[in-house]
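These notes concern the structure reproduced below.
Excluded from the calculations below are hydrogen atoms, water molecules and symmetry mates; all remaining heavy atoms, backbone and side chain alike, are included.
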There are 2 protein chains.
Amino acid sequence: MPQVRPMRADARRNYERLLKVAAEAFAEHGEGASLDDIAKRAGVGSGTLYRHFPTRQALLEAAYVERIEAIAARADELAGHLPPGEALVEWLNELGVGMIQVRGLKALLGSTVTDGSSAAATLCADTMRSAVTRLVEAAQREGTLRPDVEPIEVLRLAHGVATASELADGEGKAIRRYLALLTEGLRPGT
Amino acid sequence: MPQVRPMRADARRNYERLLKVAAEAFAEHGEGASLDDIAKRAGVGSGTLYRHFPTRQALLEAAYVERIEAIAARADELAGHLPPGEALVEWLNELGVGMIQVRGLKALLGSTVTDGSSAAATLCADTMRSAVTRLVEAAQREGTLRPDVEPIEVLRLAHGVATASELADGEGKAIRRYLALLTEGLRPGT
DNA sequence: ACCTGAACACCGTTCAAGT
DNA sequence: ACCTGAACACCGTTCAAGT
């Protein structure tokens with residue numbers, strides 16, 4: 001049963017223009033970019049925006065799918081080049097830099113790791129979770145990552161590290177350091 | 001030179017009503033509480049609010065000074081009861097719970113640990129920094145905390161831990177666990 | 001079926017007019 | 001010196017009217 005009937009030509013055109021403009025707007029003004037402005041810049045009535053993307057979250061997600069998928073693909077790429085533990089840390093580093101430098105991305109990723117009891121499992125959430133799960137389980141098998149940490153917890157901690165780094169300098173310069181503090185711990189080394 | 005001439009009676013009354021109402025509003029609606037609503041509830045024109053508190057940040061800070069000072073005082077109290085390392089962790093735990101449960105507090109504290117090159121040193125920032133500095137330096141002298149971590153970094157990491165915990169459950173239940181992961185590190189224990 | 005855009009209910013901020 | 005509140009410029013969201 002093909003639930004998704006093809007869109008009417010004008011609808012499809014509007015949909016795509018909205019996505020393109022939205023990506024620009026979020027990049028420029030962050031997650032809070034004016035929806036009305038996006039509709040206007042796409043040459044579309046505001047109602048049309050709401051028809052295609054009922055919530056800001058839906059638009060944000062749709063505008064960033066490609067980037068999310070690139071991040072997920074990067075996980076496998078790193079897993080191919082590096083030992084599991086290093087692959088995980090390097091991926092978390094790139095993820096953190098992205099969250100700080102790509103405006104709006106951090107907010108979107110945050111919503112993919114919330115308790116989500118109500119929130120339906122979105123595409124972005126699934127993509128991110130399966131990517132991190134592969135890296136985490138490999139590192140745990142290798143013995144370089146605590147066995148009692150769940151993949152989603154690692155994503156949440158990455159979010160925390162990004163937040164801390166953002167407070168530090170607003171760019172991504174502190175990510176690597178705070179990530180190291182997290183992996184090594186705050187206790188003095190032996 | 002007494003720079004602060006005493007306020008006119010009506011001004012002082014308005015100031016205090018605004019503070020009281022603001023504290024309630026922030027507690028109820030978070031840091032984004034409507035300023036216009038606060039002014040109305042205080043029985044005051046919106047211009048009066050702006051006269052006393054030129055920015056939302058100023059109002060937020062003024063509304064929470066007492067709470068900030070209580071948190072700082074708690075640092076010394078814990079330092080009296082516990083060995084330095086434990087005092088620090090316990091304080092960070094209470095701080096984290098506060099950031100999650102007291103609406104608006106996390107945002108305010110975030111602004112006190114940003115790179116602050118431009119932002120003047122505010123009272124809240126000073127209070128928090130001196131409190132954490134005492135705990136951190138004591139723990140470092142004791143040898144239970146890495147010597148290369150700066151006090152303000154610990155505050156930023158605490159913010160990160162709170163963020164991660166907030167994503168986990170929206171209350172403070174995960175704080176202690178994520179704090180433990182931070183202090184012990186993500187590597188497997190020996 | 002889909003789009004438009006006016007209408008509505010909300011913001012924060014400013015500033016002329018009042019006391 | 002301080003306060004008031006209308007005025008302005010902005011939001012997001014809905015929905016009757018159009019094609």
Side-chain angles (χ1 to χ4, degrees), chain A residues 1-64 103-104 107-108 111 119, chain B residues 1-64 103-104 107-108 111 119:
Chain A
M1 45 177 177
Q3 297 125 319
V4 284
R5 306 206 290 77
M7 273 174 165
R8 222 169 61 179
D10 56 345
R12 150 138 242 109
R13 197 172 49 239
N14 285 336
Y15 182 89
E16 269 154 13
R17 294 207 56 181
L18 278 169
L19 267 194
K20 193 186 152 204
V21 171
E24 293 168 7
F26 286 137
E28 193 174 351
H29 301 110
E31 54 152 331
S34 160
L35 295 185
D36 197 65
D37 206 57
I38 290 175
K40 258 191 200 88
R41 277 207 259 171
V44 143
S46 46
T48 303
L49 189 154
Y50 281 91
R51 162 173 288 271
H52 290 300
F53 309 99
T55 68
R56 156 174 257 114
Q57 194 60 31
L59 181 57
L60 198 56
E61 195 153 336
Y64 281 151
R103 306 202 53 174
L108 170 58
S111 73
Chain B
M1 46 180 181
Q3 296 122 323
V4 284
R5 305 209 290 80
M7 274 174 163
R8 224 168 64 179
D10 55 346
R12 151 137 243 111
R13 195 172 51 238
N14 285 337
Y15 182 89
E16 268 154 14
R17 292 206 58 180
L18 278 169
L19 268 193
K20 192 185 155 201
V21 171
E24 292 169 9
F26 286 135
E28 192 173 352
H29 301 110
E31 54 152 331
S34 159
L35 295 184
D36 198 65
D37 206 58
I38 290 173
K40 256 189 201 87
R41 276 208 260 169
V44 144
S46 45
T48 302
L49 190 156
Y50 281 91
R51 161 173 288 272
H52 288 301
F53 309 99
T55 69
R56 159 175 254 112
Q57 194 59 32
L59 182 57
L60 197 56
E61 194 151 338
Y64 281 154
R103 306 204 53 176
L108 170 59
S111 73

Next on the checklist: Can you measure A:I38 atom CD1 to D:dC11 atom C1' for me and round it to whole angstrom units?
Outcome noted: 13 Å
Next on the checklist: If you compare all heavy atoms of A:L49 against all heavy atoms of A:L35, which two are closest, and at what distance to 0.1 Å?
Outcome noted: CD1-O, 3.4 Å
Checklist entry - Can you tell which of B:I38, B:D36, B:V44 makes a side-chain contact (heavy atoms from CB on, under 4.5 Å) with B:K40? => result B:D36
Checklist entry - To the side chain of A:D10, which of C:dC2, D:dT4, C:dA6 is closest? => result C:dC2
Next on the checklist: Within the 4.5 Å heavy-atom criterion, are B:L19 and B:F53 side-chain neighbours or not?
Outcome noted: yes
Checklist outcome for this item: Contacts of B:R56 and B:T48 projected onto DNA chain C by closest heavy atom; the upstream (5') one is B:R56
Checklist entry - Of all the choices, C:dC11, C:dC3, D:dA1, which nucleotide is nearest to the side chain of B:R8 once you look at every atom? => result D:dA1
Next on the checklist: Looking only at the side chain of A:A11 (C-beta and beyond, no hydrogens), which of the listed nucleotides C:dT14, D:dC3, C:dC3 gets closest?
Outcome noted: C:dC3
Checklist entry - Separation of A:Y50 atom OH from C:dT4 atom C1', in whole Å? => result 15 Å
Checklist entry - What's the CG-P distance between A:L35 and D:dC10, to the nearest Å? => result 16 Å
Next on the checklist: Considering every strand and a 4.0 Å limit on heavy-atom distances, what is the contact class for A:A9: base, sugar-phosphate, or nothing?
Outcome noted: nothing
Checklist entry - Is the shortest side-chain N to carboxylate O distance from A:R12 to A:E16 below 4.0 Å? => result yes
Item to check | Spacing between A:M7 atom CE and C:dC3 atom P, to the nearest angstrom | outcome: 8 Å
Checklist entry - Within the structure, does a side-chain N or O atom of A:H52 lie under 4.0 Å from either OP1 or OP2 of C:dC2? => result no
Checklist entry - Out of D:dA6, C:dG12, D:dC2, which nucleotide sits closest to the side chain of B:S46? => result D:dA6
Next on the checklist: I want to check one thing: is the phosphate of D:dC10, taken as OP1 and OP2, less than 4.0 Å away from some side-chain N or O of A:S34?
Outcome noted: no
Checklist entry - Rounded to the nearest Å, what distance is computed from the CG atom of residue A:D36 to the P atom of nucleotide D:dT14? => result 14 Å
Checklist outcome for this item: Result for 5'-nearest mapping on DNA chain D, choosing between B:Y15 and A:G32, is B:Y15
Next on the checklist: Which nucleotide, if any, forms a Watson-Crick or G-U wobble pair with C:dC2, using both distances under 3.5 Å?
Outcome noted: D:dG18
Checklist entry - Rounded to whole angstroms, how far apart are CG on A:D37 and P on D:dT13? => result 15 Å
Next on the checklist: Less than 4.0 angstrom between a side-chain N/O of A:N14 and OP1 or OP2 of C:dC2, yes or no?
Outcome noted: no
Checklist entry - Does C:dA7 have a Watson-Crick or wobble partner in any strand here, with both distances under 3.5 angstrom, and which is it? => result D:dT13
Checklist entry - When the distance from CZ of A:R51 to C1' of C:dG5 is rounded to whole Å, what number comes out? => result 15 Å
Item to check | Parallel, tilted or perpendicular, as decided by the 30° and 60° cut-offs, for the rings of B:H52 and B:Y15 | outcome: perpendicular
Checklist entry - What's the CZ-P distance between A:F53 and D:dG12, to the nearest Å? => result 15 Å
